[in-house]
Amino acid sequence: MGAGSWMEGMKLKDKAAIAEIEGYIRKSLGADSRYMPAKRRSVGVAASTDHNVIELTGSDRPGLLSEVSAVLASLKCNVVSAEIWTHNTRVAAVMRVSDEDTMLAVTDTVRLEMIKERLSYLLRGNNLSRGAAMADASGTSATHTERRLHQMMLSDGDTEEFHGHVPAQPQKPNVTVRNWKDKDYSVVTIRCKDRPKLLFDTVCTLTDLRYVVYHANIDANNNQAYQEFYVRHVNGSPMNTEAERLRVIQCLESAIERRVSEGVKLELCSSDKVGLLSEVTRIFRENSLTVTRAEVSTKGRTAVNTFYVRSSAGEAVDQKTIDSIREAIGHNIQVKGHPEAAPQKKESPTWFLFANLFRPRSLPSLGLFVR
């Protein structure tokens with residue numbers, strides 16, 4: 001059966017395709033899912049042979065990505081790739097950088113400490129209401145980047161209620177938890193707007209909260225998603241307290257909302273050069289735009305960047321601002337419009353049972369913790 005058949009909603013029977021999907025899920029979830037200590041504002045640096053991995057968490061503010069990029073450029077660090085998420089006034093970023101001259105990882109310990117010190121000072125800003133901490137990123141560089149971002153934001157406390165101004169979500173997720181006492185399961189039900197990677201986000205969150213998924217029902221119809229998970233804690237028990245149930249609900253809501261992109265989507269494809277990210281984000285800041293999410297990558301000598309931006313004042317981005325950005329950057333930047341205007345997906349009957357995928361014997365390799 002070809003790829004086109006199962007993508008149109010037909011049952012997947014190709015064993016090779018199933019094995020490939022299972023392999024990708026194992027890689028995405030990681031070999032070890034562990035609950036990390038709390039980090040309020042942190043900078044971690046780990047190295048491979050060709051780049052350093054920099055992890056940042058802290059309070060979000062307009063122009064922060066521009067400031068971070070400028071600091072890295074001043075320290076002669078070239079950004080190879082980066083992914084930045086913002087949610088509930090918090091920001092998390094995983095950035096891979098190399099030495100501007102050698103295009104390899106920075107190995108000088110004094111220089112690495114300077115990078116951490118400068119970025120930590122930058123993240124501190126004028127925020128005195130939340131604590132600070134330094135974190136070592138060693139051992140996390142092999143983790144799937146989006147999985148790592150979920151872990152970082154969860155540990156940073158982006159699930160905590162914020163009473164200031166936060167842009168309203170177009171459709172808030174509906175998450176409920178109830179106990180099935182006869183079977184000693186907790187049943188987690190999620191209803192929300194469907195989008196790519198939704199299942200990845202919810203399963204990773206349950207895993208990081210140390211719950212084992214035994215069965216699941218999944219459906220996507222008319223751009224709406226329905227997910228139902230039958231879970232137990234790694235100690236074998238369902239959720240026994242109201243506080244435990246509330247935490248799971250809050251963490252799943254945050255995981256769903258983190259990837260919901262606010263603002264206008266801008267795509268930039270151009271020749272790569274040192275300092276490109278610093279230059280582009282500076283132009284955004286000069287035009288009173290704030291970045292709500294970003295994906296930065298390089299393919300050979302080409303930089304492929306995607307930014308979601310909105311006005312720093314919370315207003316819609318107008319055509320005059322877009323024209324000003326095009327004039328400064330060039331016409332190789334494409335405007336994809338507001339992400340909420342994306343076309344609806346075709347209706348697809350995708351109810352299925354995850355018992356085979358999440359059977360107990362496969363859970364250790366998936367990092368889902370079994371006793």
Side-chain angles (χ1 to χ4, degrees), residues 54 56-75 77-97 100 118-119 121-123 125-127 145 149 153 165-167 258-299 302-342:
I54 298 177
L56 308 172
T57 56
S59 295
D60 189 26
R61 65 176 185 271
L64 180 60
L65 179 57
S66 174
E67 295 172 22
V68 169
S69 303
V71 166
L72 291 173
S74 70
L75 294 171
C77 292
N78 179 48
V79 178
V80 179
S81 67
E83 190 148 354
I84 299 95
W85 288 2
T86 63
H87 177 250
N88 202 13
T89 77
R90 306 300 292 169
V91 61
V94 176
M95 310 180 80
R96 291 171 173 81
V97 303
E100 179 181 313
R118 291 279 300 276
L119 292 176
Y121 179 79
L122 184 64
L123 288 172
N126 61 358
N127 177 29
T145 300
L149 285 165
M153 298 207 87
H165 174 70
V166 176
R258 285 174 197 139
R259 211 192 288 265
V260 176
S261 304
E262 302 166 3
V264 173
K265 181 180 180 181
L266 303 178
E267 293 183 352
L268 173 64
C269 185
S270 67
S271 297
D272 189 30
K273 64 178 181 179
V274 175
L276 177 63
L277 182 62
S278 175
E279 180 182 331
V280 171
T281 53
R282 174 183 57 79
I283 292 170
F284 290 161
R285 183 175 61 176
E286 290 173 350
N287 284 273
S288 300
L289 295 180
T290 184
V291 177
T292 61
R293 189 159 73 90
E295 298 175 15
V296 177
S297 63
T298 53
K299 298 179 180 178
T302 303
V304 182
N305 303 333
T306 300
F307 303 95
Y308 292 87
V309 300
R310 57 180 171 82
S311 166
S312 300
E315 301 172 353
V317 180
D318 57 29
Q319 188 60 46
K320 182 179 179 181
T321 302
I322 297 297
D323 292 340
S324 177
I325 291 173
R326 276 208 173 109
E327 183 178 350
I329 297 177
H331 289 274
N332 52 352
I333 190 164
Q334 301 295 319
V335 182
K336 298 297 182 179
H338 197 284
E340 295 304 316

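Keep in mind that the numbers below use all heavy atoms, side chains included, and drop hydrogens, waters and symmetry copies. Note that the structure is a prediction, hence the values are computed from the model and not measured.
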Nearest 0.5 Å, please: how far is [atom2] in [Y] from [atom1] in [X]?
X      : Y      : atom1 : atom2 : value
Glu67  : Leu122 : CD    : CG    : 5.0 Å
Ser297 : Lys299 : OG    : NZ    : 5.5 Å
Leu56  : Leu123 : CG    : CG    : 5.5 Å
Ser66  : Leu289 : OG    : CG    : 11.5 Å
Leu65  : Met95  : CG    : CE    : 6.0 Å
Met153 : Leu149 : CE    : CG    : 8.0 Å

Are side-chain heavy atoms of [X] and [Y] found at a separation under 4.5 Å?
X      : Y      : result
Val291 : Ile84  : no
Leu75  : Arg118 : yes
Leu268 : Ile329 : yes
Leu266 : Val264 : yes
Cys269 : Thr302 : yes

| query | Residues in salt bridge (Lys or Arg N to Asp or Glu O under 4.0 Å) with Glu83, at least two apart? | reply | none

I need the minimum non-hydrogen distance between [X] and [Y], along with the two atoms involved.
X      : Y      : result
Cys77  : Val97  : CB-CB, 4.3 Å
Arg293 : Arg258 : CD-O, 4.4 Å
Gly275 : Asn78  : N-OD1, 4.3 Å
Val309 : Val317 : O-CG2, 4.0 Å
Gly263 : Arg310 : CA-CB, 4.2 Å
Arg326 : Gln319 : NH1-NE2, 4.5 Å

| field | Thr292 side chain vs Tyr308 backbone, donor-acceptor pair below 3.5 Å | value | yes

| query | Would you say the side-chain atoms of Thr290 pair up with the backbone N or O of Ser312, donor to acceptor, closer than 3.5 Å? | reply |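 No, Thr290 side chain to Ser312 backbone: no donor-acceptor pair under 3.5 Å.
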
Table please: side-chain donor-acceptor pairs of residues 279-288 below 3.5 Å, with sequence neighbours left out.
residue	atom	partner	partner atom	Å
Glu279	OE1	Lys273	NZ	3.1
Thr281	OG1	Leu277	O	2.7
Thr281	OG1	Ser278	O	3.3
Arg282	NH1	Glu286	OE1	3.3
Arg282	NH1	Glu286	OE2	2.9
Asn287	OD1	Ser324	OG	2.8
Asn287	ND2	Ile283	O	2.8

| Out of Leu119, Val94, Val68, Val79, which one pairs with Ile54 under the side chain to side chain contact (heavy atoms under 4.5 Å, CB included) rule? | Leu119

| After noting the C-alpha distance and the side-chain angles of Thr57 and Arg90, does the key distance pass the side chain to side chain donor-acceptor pair (under 3.5 Å) rule? | CA-CA 7 Å; Thr57 56; Arg90 306 300 292 169; 5.9 Å; no

| note | Hits for side-chain hydrogen bond (donor to acceptor under 3.5 Å, both in side chains) against Thr321, two or more places apart or cross-chain, chain-then-number order -> Asp318

